[in-house]
Amino acid sequence: MSIAALIAEYDPFHAGHAWQLAELRRRGFDQVAVAMSGPVVQRGTLALLPAPVRAAAALEGGASLVVGIPAPWACQSAEGFAAAGVALLSALPGTQVLAFGAETPDGEALMNTARALLAPEFGPLVREQLADGRPFAAARAVAAQCLYPPAGEILASPNNNLGVEYCKAILAQNSHLVPLPLPRLGAAHGADAPAGGFASASYIRACLLRGDWAEAARWLPAPALARYQAAAGEGQMTDPAAFSVAVLSRLRAREDFSRVRGAGEGLDRRLAAAVHDAPSLTSLYERMKTKRYAHARLRRLVLDAALGYDDQLPALPPYLHVWGAAPGGMALLKGAALPAGASMARLEAQSPACRTAAQAHSAACDLAALCRCRPAPMGLAYTQPMVRGNTDGS
């Protein structure tokens with residue numbers, strides 16, 4: 001049996017994602033395992049819709065198994081996010097390739113770029129570029145290009161960047177996964193308008209938030225659209241205003257931010273000063289903004305502070321939490337290298353690391369539940385049942 005793996009947020013699952021799954025089937029893969037973000041996402045905010053809604057859309061779109069990227073790793077930098085996803089999917093012994101979209105669908109070139117980023121000479125080169133006043137992303141690209149000339153152009157594209165992080169994680173973890181970059185089709189990541197038959201997730205989110213279902217319907221698979229409309233009707237969409245108030249209230253209740261994950265280099269003091277006066281999250285981010293730090297890093301720092309995430313968390317996710325499976329999908333867990341299953345309570349009991357991770361993930365679920373258009377109760381991380389697909393995903 002041929003088994004492919006994907007790392008995704010599916011925020012929301014859209015036509016481009018459905019194309020990826022169908023393409024893997026066309027290439028002969030019998031099953032596709034997905035590691036998916038849950039209540040929080042890598043850009044440092046809440047997902048628009050709950051994980052069960054998005055997992056169900058993925059199963060209808062062709063996924064065989066959906067396991068969760070626990071919240072503390074889903075809202076990390078691209079490097080941490082990629083490392084977590086690779087660790088989870090590498091724990092499934094039958095997976096063979098890690099597929100992902102890339103502007104440069106050349107696996108060897110992406111792996112060579114990853115090798116350059118892991119080379120011992122890379123760190124000093126980056127520091128030289130930073131000393132010259134370049135932002136980190138530019139410094140990173142120039143330093144990598146010194147070691148592997150095509151790297152500069154490769155790292156200029158957002159999906160290539162994430163693909164290179166996947167490759168870095170594969171190398172660093174000595175994973176059995178083989179990179180399988182698929183051509184990125186349609187609008188670029190974060191683009192304001194669709195292109196080439198597909199729209200970006202950010203464009204579709206904007207449509208959903210303003211209630212433009214007719215426009216969103218152009219870029220969503222019909223089953224996913226129906227699920228999202230039903231979820232919205234039940235008040236399950238995230239309310240950005242509620243999120244802003246909830247996060248600010250938590251931040252104002254804290255006195256010390258020095259132990260927050262990633263709060264070095266004076267960012268803890270910068271956050272404390274901004275919290276004092278900011279009336280909204282948007283205002284908070286603006287007060288914290290500097291030339292050196294990207295908005296996404298600041299958003300992640302703020303979310304970590306609100307959730308109490310510190311550097312005592314395990315380096316990588318310690319369990320495989322199943323959020324959804326098509327018929328036959330649970331068989332992919334056989335022989336897994338990590339504790340696996342659909343019960344968070346049982347996973348939590350496996351080890352102290354599992355307990356720490358489960359409690360941190362549950363905290364994010366509880367925050368997300370409070371920030372829905374119709375707030376939901378606490379404890380959903382433990383009580384939400386696994387989503388069952390109705391087909392084998394083929």
Side-chain angles (χ1 to χ4, degrees), residues 5-9 35 37 42-44 69 72-90 97-184 188-190 261-262 264-265 291-298 300-301 311 314-317:
L6 286 167
I7 301 169
E9 292 186 322
S37 300
Q42 204 260 326
R43 62 185 183 279
I69 303 175
W73 294 273
C75 63
Q76 280 193 302
S77 67
E79 182 177 33
F81 174 80
V86 167
L88 291 169
L89 294 167
S90 298
V97 303
L98 177 65
F100 51 87
E103 292 87 357
T104 305
D106 181 336
E108 188 59 29
L110 296 175
M111 285 292 274
N112 284 336
T113 301
R115 292 184 181 99
L117 298 183
L118 292 170
E121 304 92 336
F122 177 71
L125 287 171
V126 170
R127 290 190 285 275
E128 287 179 15
Q129 298 302 320
L130 290 172
D132 289 341
R134 286 187 171 88
F136 178 77
R140 175 174 175 263
V142 172
Q145 188 170 351
C146 292
L147 299 174
Y148 177 56
E153 184 175 352
I154 287 172
L155 293 173
S157 300
N159 287 279
N160 281 349
N161 263 282
L162 189 53
V164 168
E165 293 299 339
Y166 294 148
C167 293
K168 275 177 55 185
I170 287 171
L171 292 168
Q173 297 176 27
N174 195 27
S175 169
H176 65 270
L177 292 172
V178 175
L180 177 61
L182 301 174
R184 169 79 186 189
H189 175 76
R261 183 174 62 178
E265 303 172 334
K291 180 180 179 182
R292 182 171 183 179
Y293 300 115
H295 260 278
R297 176 172 178 182
L298 299 178
R300 288 191 292 269
L301 176 69
D311 290 325
L316 292 169

For [X] versus [Y], what's the shortest heavy-atom pair and its separation?
{"X": "Ala74", "Y": "Ser37", "result": "CB-OG, 3.8 Å"}
{"X": "Val164", "Y": "Ile154", "result": "CG2-CG2, 4.1 Å"}
{"X": "Gln42", "Y": "Glu9", "result": "N-OE2, 2.6 Å"}
{"X": "Pro105", "Y": "Pro183", "result": "CB-N, 4.0 Å"}
{"X": "Phe136", "Y": "Val126", "result": "CE1-CG1, 4.0 Å"}
{"X": "Cys167", "Y": "Met111", "result": "CB-SD, 3.4 Å"}

What I'd like to find out is whether the side chain of [X] reaches to under 4.5 Å of the side chain of [Y], using heavy atoms alone.
{"X": "Tyr293", "Y": "Pro135", "answer": "no"}
{"X": "Ser77", "Y": "Glu165", "answer": "no"}
{"X": "Phe81", "Y": "Ile7", "answer": "yes"}

To the nearest 0.5 Å, what is the distance between [atom1] on [X] and [atom2] on [Y]?
{"X": "Lys168", "Y": "Leu162", "atom1": "NZ", "atom2": "CG", "value": "11.0 Å"}
{"X": "Leu147", "Y": "Leu118", "atom1": "CG", "atom2": "CG", "value": "11.0 Å"}
{"X": "Leu171", "Y": "Leu177", "atom1": "CG", "atom2": "CG", "value": "11.5 Å"}

Subject >> Phe100 and Leu110: CA distance, side-chain angles, deciding distance, side-chain contact (heavy atoms from CB on, under 4.5 Å) verdict >> reply: CA-CA 12 Å; Phe100 51 87; Leu110 296 175; 3.6 Å; yes

Between [X] (side chain only) and [Y] (backbone N and O only), is there a donor and an acceptor less than 3.5 Å apart?
{"X": "Asp311", "Y": "Arg261", "answer": "no"}
{"X": "Trp73", "Y": "Ala82", "answer": "no"}
{"X": "Asn161", "Y": "Leu155", "answer": "yes"}
{"X": "Ser157", "Y": "Asn159", "answer": "no"}
{"X": "Gln129", "Y": "Val142", "answer": "no"}
{"X": "Gln145", "Y": "Ala151", "answer": "no"}

**OP:** Have a look at Leu98 and tell me which of Ile170, Leu6, Val178, Leu180 forms a side-chain contact (heavy atoms from CB on, under 4.5 Å) with it.
**Re:** Ile170

Original post:
Below 4.0 angstrom, N of the basic side chain to O of the carboxylate: do Glu128 and Arg134 qualify?
Top reply: no

**OP:** Quick one: do Leu117 and Arg140 satisfy side-chain contact (heavy atoms from CB on, under 4.5 Å)? Show the steps, please.
**Re:** CA-CA 8 Å; Leu117 298 183; Arg140 175 174 175 263; 3.4 Å; yes

Subject >> Exceeds 12 heavy-atom contacts within 6.0 angstrom, atom CD of Glu153 >> reply: no

